[in-house]
Every structure is written in C-alpha cells, then in structure tokens.
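This one's a predicted model, so the numbers in the text were calculated from it and none came from an experiment.
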Amino acid sequence: MESINTLKGYDKVSDQENQIPSPLPKPSSRKTLIATVSTVSILLILAVVALTAGAFTRPSHNPPVSSNSLKSVCAVTRYPQTCFHALSSSLNESDPASILELSLRITSEKVSTLSMSFRSIDDMPEEPAVKDCAKLYADAASQLNETLLEIETKKKKGGNWMTEKVVGDVKTWISAAMTDGETCSDGLEEMGTVVGNDIKNEMATANQMMSVCLAIVSQIKKLLLILH
C-alpha cells in the first residue's frame with residue numbers, strides 16, 4: 001500500500017511538472033496597469049473630497065435657532081447691533097435667561113478692562129477725572145459681579161431663580177453700574193479731560209452693554225413667554 005501511495009504522489013508531481021506555466025505579463029503591460037489603477041484611485045479620492053467639501057460649504061437657508069433667539073432678545077434693547085455683535089460668538093444656549101447671564105458676564109469683563117485702561121494712562125496721572133473713572137468703572141464691575149453671584153446662588157438652590165426679588169436686585173445693581181459710567185463721562189466733560197479714541201470706544205461699548213443688560217432683565221418675563 002505504501003508503494004502505491006508513493007506512485008500516486010509521483011504521478012501528481014509529474015502532472016504539475018508537465019503543466020506549461022502561464023506567461024508573465026510584460027513589464028510595460030504591468031506598468032500600464034499600475035498607472036491606470038493609480039489614476040482611477042486618484043480620481044475617486046478627488047471625487048470624494050469634492051462631495052465632502054460641497055456638503056460642508058452648502059449655504060444654509062435657515063439660520064440657527066440660537067441666532068434667531070439672540071436677535072429677538074437683542075431687539076428689545078436700544079443697541080441691538082452692539083448686543084448681537086458682543087454675544088453671538090460666545091453663545092452656547094439660546095434661552096433668554098442664559099442670554100441674560102452671558103450679557104452680564106461679558107459686560108462685566110468689558111467694564112473691568114475699561115477700569116484698567118483708565119489706570120494705565122501714563123500721560124495724565126494727576127488728572128482727577130481719570131482717577132475717578134478708574135474707581136467708578138471698578139465699582140461698576142463689582143456691581144455686575146454681585147448680580148452674577150446672586151443669580152448663581154439662586155440657581156444652585158434649584159427651581160426658578162427669576163423671582164421678583166432677584167429680578168429687582170439685578171435691575172438695581174445694573175442701574176447703579178450705569179450711573180457709575182454716566183458719572184465718569186460727566187466728570188471728563190466737566191474737567192475738560194480728553195482721553196484717547198481707544199478709551200472712548202471702550203466707554204461707548206461698556207455703557208451700551210450695561211444698557212443692554214438692563215433692557216434684557218426688564219423684559220425677561222416677556223421674552224420667556226415669546227421664546228419658550
């Protein structure tokens with residue numbers, strides 16, 4: 001039996017040896033094939049990239065909900081463009097209460113920066129109006145921070161933080177901050193003190209944003225009904 005199996009195996013080997021191998025493609029044919037495959041692959045990649053880019057660059061006919069909500073909130077203020085420009089890039093939530101908090105936070109930052117700008121004026125260190133403005137805007141920033149602290153404290157306790165008392169406190173603090181800004185402007189005018197255009201622009205933006213905050217909190221209940 002072993003000899004028979006050996007012969008069978010020998011026959012298989014002989015058959016394989018007798019088979020004529022298929023000729024290999026010529027080098028030029030292989031190069032042409034590789035080039036064709038590469039070209040097709042590149043075209044496919046470019047097509048996918050083009051489709052993907054088109055999906056991302058296709059214009060949207062409907063603006064985001066948050067953008068619409070922000071425009072509606074800013075519309076109740078005296079300075080809707082200043083409001084939208086200051087808040088749009090930082091907006092994460094579109095409900096009026098969140099927009100109010102964001103406006104207070106950004107306004108507080110602008111007012112604090114303005115106070116430091118007055119402190120950094122080197123060419124008129126003895127001007128009393130300049131020193132007064134630095135103190136006044138520092139006080140205004142403190143008032144706005146108190147407002148944010150009050151809101152955060154109420155939110156941590158849970159439930160609706162926009163009670164009559166809290167809304168009334170917020171209005172009072174914002175109004176006090178606005179008075180500080182107006183007192184600074186009046187003092188500069190009375191003393192004939194001239195400040196640079198940069199500080200003038202900072203003052204205009206800070207004062208407008210304090211007005212925006214007061215308008216939003218004054219209309220907060222109406223806005224909640226409209227945009228809820």
Side-chain angles (χ1 to χ4, degrees), residues 63-118 133-185 198-228:
V65 175
S66 59
S67 177
N68 289 331
S69 298
L70 180 58
K71 287 179 180 178
S72 297
V73 171
C74 289
V76 305
T77 73
R78 292 178 59 189
Y79 307 101
Q81 291 183 346
T82 301
C83 171
F84 188 84
H85 178 73
L87 305 182
S88 58
S89 61
S90 303
L91 187 66
N92 293 322
E93 298 180 51
S94 59
D95 61 287
S98 297
I99 293 174
L100 171 60
E101 289 183 66
L102 177 63
S103 66
L104 286 166
R105 190 169 294 108
I106 289 178
T107 303
S108 177
E109 292 172 359
K110 290 184 180 298
V111 171
S112 296
T113 300
L114 180 56
S115 175
M116 289 187 288
S117 295
F118 274 109
C133 283
K135 293 177 181 178
L136 286 165
Y137 277 109
D139 183 67
S142 177
Q143 300 281 359
L144 296 171
N145 287 333
E146 286 292 334
T147 302
L148 287 167
L149 181 61
E150 175 79 2
I151 293 173
E152 288 298 325
T153 300
K154 294 298 182 182
K155 285 176 66 177
K156 287 179 181 178
K157 292 181 179 180
N160 180 21
W161 64 266
M162 285 181 290
T163 62
E164 292 291 338
K165 181 182 182 305
V166 175
V167 171
D169 289 343
V170 171
K171 288 180 182 179
T172 299
W173 281 319
I174 297 173
S175 297
M178 291 177 67
T179 300
D180 287 330
E182 292 167 1
T183 303
C184 168
S185 298
D198 290 342
I199 289 186
K200 285 182 180 179
N201 291 334
E202 285 185 52
M203 287 179 64
T205 301
N207 293 338
Q208 288 178 15
M209 283 305 298
M210 286 191 282
S211 172
V212 164
C213 292
L214 184 60
I216 294 175
V217 72
S218 298
Q219 299 291 328
I220 192 67
K221 290 187 176 181
K222 177 182 177 182
L223 290 169
L224 286 171
L225 291 173
I226 295 173
L227 301 176
H228 200 344

**Asked** Do you know the tightest heavy-atom contact between Asn207 and Ser185?
**Response** ND2-OG, 4.0 Å
**Prompt:** Considering only heavy atoms from C-beta outward, does the side chain of Val217 approach that of Leu104 to under 4.5 Å?
**Reply:** no
**Prompt:** So does Lys165 pair up with Asp169, basic N to acidic O under 4.0 Å?
**Reply:** yes
**Item:** Distance, nearest 0.5 Å, that separates NZ of Lys135 from OG1 of Thr183
**Value:** 14.0 Å
**Asked** When you look at Lys222 and Val76, which way does the side-chain contact (heavy atoms from CB on, under 4.5 Å) test go after all the steps?
**Response** CA-CA 10 Å; Lys222 177 182 177 182; Val76 305; 5.9 Å; no
**For Leu136 against Asp180, the heavy-atom pair lying closest together** = O-CB, 3.4 Å
**Request:** Grab the two heavy atoms, one from Ser72 and one from Leu223, that are nearest each other, plus how far apart they are.
**Result:** O-CD2, 4.1 Å
**Complete:** Output for pair (Ser88 OG, Leu70 CG), nearest 0.5 Å, gives 6.5 Å
**Prompt:** For the residue pair Cys83 and Met209, what are the closest heavy atoms and their distance?
**Reply:** CA-SD, 4.3 Å
**Message:** For Leu214, run the side chain to side chain contact (heavy atoms under 4.5 Å, CB included) check against Ile174, Thr107, Thr77 and tell me which one passes.
**Reply:** Ile174
**Prompt:** Could you state the interatomic distance from CG (Leu100) to CZ (Arg105), rounded to the nearest 0.5 Å?
**Reply:** 10.0 Å
**Message:** What I'd like to find out is whether the side chain of Phe118 reaches to under 4.5 Å of the side chain of Met203, using heavy atoms alone.
**Reply:** yes
**Request:** Please round to the nearest 0.5 Å and tell me the distance separating atom OG of Ser108 and atom CE of Met210.
**Result:** 10.5 Å
**Prompt:** Taking atom CD of Glu182 and atom OG of Ser175, what is their separation to the nearest 0.5 Å?
**Reply:** 9.5 Å
**Asked** Can you find a heavy atom in the side chain of Glu152 that is under 4.5 Å from one in the side chain of Glu101?
**Response** yes
**Request:** Return the minimal non-hydrogen interatomic distance between Trp173 and Thr147, and the atom names on each side.
**Result:** CB-OG1, 3.1 Å
**Prompt:** Within a strict 4.5 Å, meaning less than it, do heavy atoms of the Tyr137 and Ser117 side chains meet?
**Reply:** no
**Complete:** Heavy-atom nearest pair, Ala141 first then Val111, reads N-CG1, 3.6 Å
**Prompt:** Between atom OG1 of Thr205 and atom NE2 of His85, what is the distance when rounded to the nearest 0.5 Å?
**Reply:** 8.0 Å
**Request:** Taking the side chain as every heavy atom from C-beta outward, state whether Met178 and Gln143 have any atom pair closer than 4.5 Å.
**Result:** no
